[in-house]
Protein chains: 2
Amino acid sequence: MKQNTKRSADSVPLSDVDLRLLRIFATIVNCNGFSAAQISLGMSQATISTHMRHLEERLRVRLCERGRGGFFLTDEGQKVYNACLDLFGSLDRFQTAMGDVVGELGGVLSFGTVDAMVTNPALNLDLAIAAFHRRAPRVTLEFDVATPQILSQGLLSGTYQVVLMPAPARPVNTTAQVLFHETQKLYCGRSHPLFGVADTDLTPDLLARQSFAGRTYMPRLPICGVDFDWQAASPHMEGTLILLLSGAFIGFLPEHYAATEVQSGRLRVLAADRFTFEDPFQIVYARQSPPRAAVALAQAIIANCATAQNR
Amino acid sequence: MKQNTKRSADSVPLSDVDLRLLRIFATIVNCNGFSAAQISLGMSQATISTHMRHLEERLRVRLCERGRGGFFLTDEGQKVYNACLDLFGSLDRFQTAMGDVVGELGGVLSFGTVDAMVTNPALNLDLAIAAFHRRAPRVTLEFDVATPQILSQGLLSGTYQVVLMPAPARPVNTTAQVLFHETQKLYCGRSHPLFGVADTDLTPDLLARQSFAGRTYMPRLPICGVDFDWQAASPHMEGTLILLLSGAFIGFLPEHYAATEVQSGRLRVLAADRFTFEDPFQIVYARQSPPRAAVALAQAIIANCATAQNR
DNA sequence: AGGTCATTTCGAAAAATATCTATGTTTTCA
DNA sequence: TGAAAACATAGATATTTTTCGAAATGACCT
């Protein structure tokens, strides 16, 4: 018998055995060298060398330069390495799915959120995660911080299974629940010209003339009736904060996030009553066949959120 | 040496060797039985049986019932099978990426389109595919027909690399080019009350009172000034066509698609001059790191489209 | 030139895998 | 009840894979 089997030497590698080579390759890259990878891989460096040769033969490409001059990836090696990480992600997800089938919560769960969620007093993310880990101790939790765009995209592409993000942009085919509303107020730094101006003098017109620092992903529409003059933008809160502290810009921050800076006198609220809006936040996960661990995490977060609209 | 390595028996399977088992499993499912899979797999039924046992031991779940009573998947087996198809898709994509690195166009390329694209005279999809295959003969082309929603979602999740769909809903992080405009006109079937009515008597008001069959994914807004009475919807053209032929509904179809039915007298245009609109169609693919084969296919389609706005 | 470091190559032994043939077991159907 | 179909199991064997130790290479430093 045995008609096909043997992988034709001219075809690209991939399949079965080769997967191990890819894992070895990735480990070598992480360890930055063959010798250093010995411990991680638990094999002699002679063996490692052999494996690398096999992989490079399959791919017909040199993946890394090595030797006395140091270890570094070639261009192709970099691409392959990236592709590997993607692939391993898929394999993780498969493993999670497998664990689901068997009934045990296991594998890897990727959670993504926008930044500045720690200081939020209503959302007890730490407690939620503790609770989740108690309930699903064998799940490896991957915690990532990114922009809403990246998050919703990653949710669709499977990079994230659960995501915490502002509400306006809910991706299709997902289940979402609004968790809380974040109060955003307008601030400026101590050295900003408006720092000493009385609230009553802060006309929309005056504010519209100031350099404004916004969130990169926000639409540049008028806010609270003011058509701000976007002169800077940052995708995250910390960036915005620094811009404001510089004294060159005014901009919005979540109240809880700005609180400490306000107390220390480095930041000031501008007409708190007039320039404020509520940003709704939601917890989102895939609608069809979300891993049970994903649902568990979402529930843990909802349960631990003080102001959650518990349906 | 050798500290970890060995997969702990209690952990879920996955890894290296097991991948082969999954492939075997999928083949068995496709063949609907062990004996039938012998030829496809090129191994004796005894061997196949052994493999299945191994897989089920790893997963600690019975995947299928077999025996004289017939072959069928258990619930778990069905889930695993689905997860497998996902996983194989990821592996295909990895292989494509690998081919890209080496410089040869290979692997699998998934193309998705809405239906009723064959009869479109401007778009020479057949020619485009022929040209693409000449240029990239080693690429396995997967051709799928689906709704715009599914298509744009699949584009983001990596299920499709290239997609042909109506223009309004372009997903983020993609490259798109409008290819052509499809002329949509209003039709009704031979047995419909309006079939004999003169065009001049077809007032918007009269049309608004007819039962209307629309496309599932279209927003239910007024079209050409008429607020149609949605009483049926289908996600594809063929469904819409049957609804119209039934004589119970009026509805829009692409002109080229309705042409044959109009000629045979089974369909009639309703006031062609007044009730018509142009639906723009676009070719879309991922913006960052699209496989080169994807770009090649997109270009082939653009090149072969008569009315393409060649930038 | 000599020494060192990182890797490569070689050859052989051990371990794991894959597969077959032949023979049971179970279930269905006549 | 018995034959046939579909699968399971056992034992034997061939093949592949993995790994290591030891020696070789080759660049770099002094």
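Naming convention: chains lettered A, B, ... in sequence-line order (proteins, then strands); numbering from 1 in each chain.
Atom-to-atom, CZ of B/Phe72 to P of D/dC7 comes out at 12 Å; the value is rounded to the nearest Å. The CZ atom of A/Arg66 sits 18 Å away from the C1' atom of D/dC28 (whole-angstrom rounding). Look at CD on A/Glu65: it is 12 Å from P on D/dA27, rounded to the nearest Å. In this structure, B/Asp18 places its CG atom 13 Å from C1' of C/dT17, rounding to the nearest Å. With rounding to whole Å, A/Met52 atom CE is found 12 Å from C/dT7 atom C1'. Rounded to whole angstrom, the span from the CG atom of A/Leu41 across to the P atom of C/dT7 amounts to 13 Å. Rounded to whole Å, the distance from CD on B/Glu57 to C1' on D/dT9 is 12 Å. The distance between atom CZ of A/Arg23 and atom P of D/dT18, rounded to the nearest whole Å, is 14 Å.
Side-chain nitrogen and oxygen atoms of A/Ser49 include at least one within less than 4.0 Å of the OP1 or OP2 phosphate oxygen of C/dT8. Within the structure, a side-chain polar atom (N or O) of B/His51 is placed less than 4.0 Å from OP1 or OP2 of C/dT19. The phosphate of C/dA18 (OP1 or OP2) has no side-chain N or O of B/Thr50 nearer than 4.0 angstrom. At C/dT8, none of the side-chain N or O atoms of A/Arg53 fall inside 4.0 Å of OP1 or OP2 (strictly under the cut-off). A sub-4.0 Å separation between OP1 or OP2 of D/dT18 and a side-chain N or O of A/Arg20 is present. An OP1 or OP2 oxygen of D/dT17 is reached within less than 4.0 angstrom by no side-chain nitrogen or oxygen of A/His54. In this structure, A/Thr47 does not reach the D/dT18 phosphate: none of its side-chain N or O atoms is under 4.0 Å from OP1 or OP2. The side chain of B/Ser44 contributes no N or O atom lying less than 4.0 Å from OP1 or OP2 of C/dT19.
For a distance-only test at 3.5 Å, the side chain of B/Gln45 qualifies as a donor-acceptor partner of the base of D/dA8.
Of the candidates C/dT8, D/dT19, C/dC20, C/dC20 carries the atom nearest the B/Met43 side chain, counting heavy atoms from C-beta on.
Remark: the backbone N or O of B/Ala37 is not paired with any side-chain donor or acceptor of B/Ser40 at under 3.5 angstrom.
Applying the 6.0 Å contact sphere to CZ of A/Arg135 captures no more than 12 heavy atoms from other residues, nucleotides or ligands. Sparse packing is recorded around CD of A/Glu238, with 12 or fewer heavy atoms of other residues, nucleotides or ligands lying under 6.0 Å away.
Under the 4.0 Å criterion applied to side-chain N and carboxylate O atoms, B/Arg66 and B/Glu56 are assigned as salt-bridge partners.
No option in A/Tyr160, A/Phe132, A/Phe143, A/Tyr285 other than A/Phe143 meets the ring-ring contact (aromatic ring centres under 6.0 Å, His included) test with A/Phe111.
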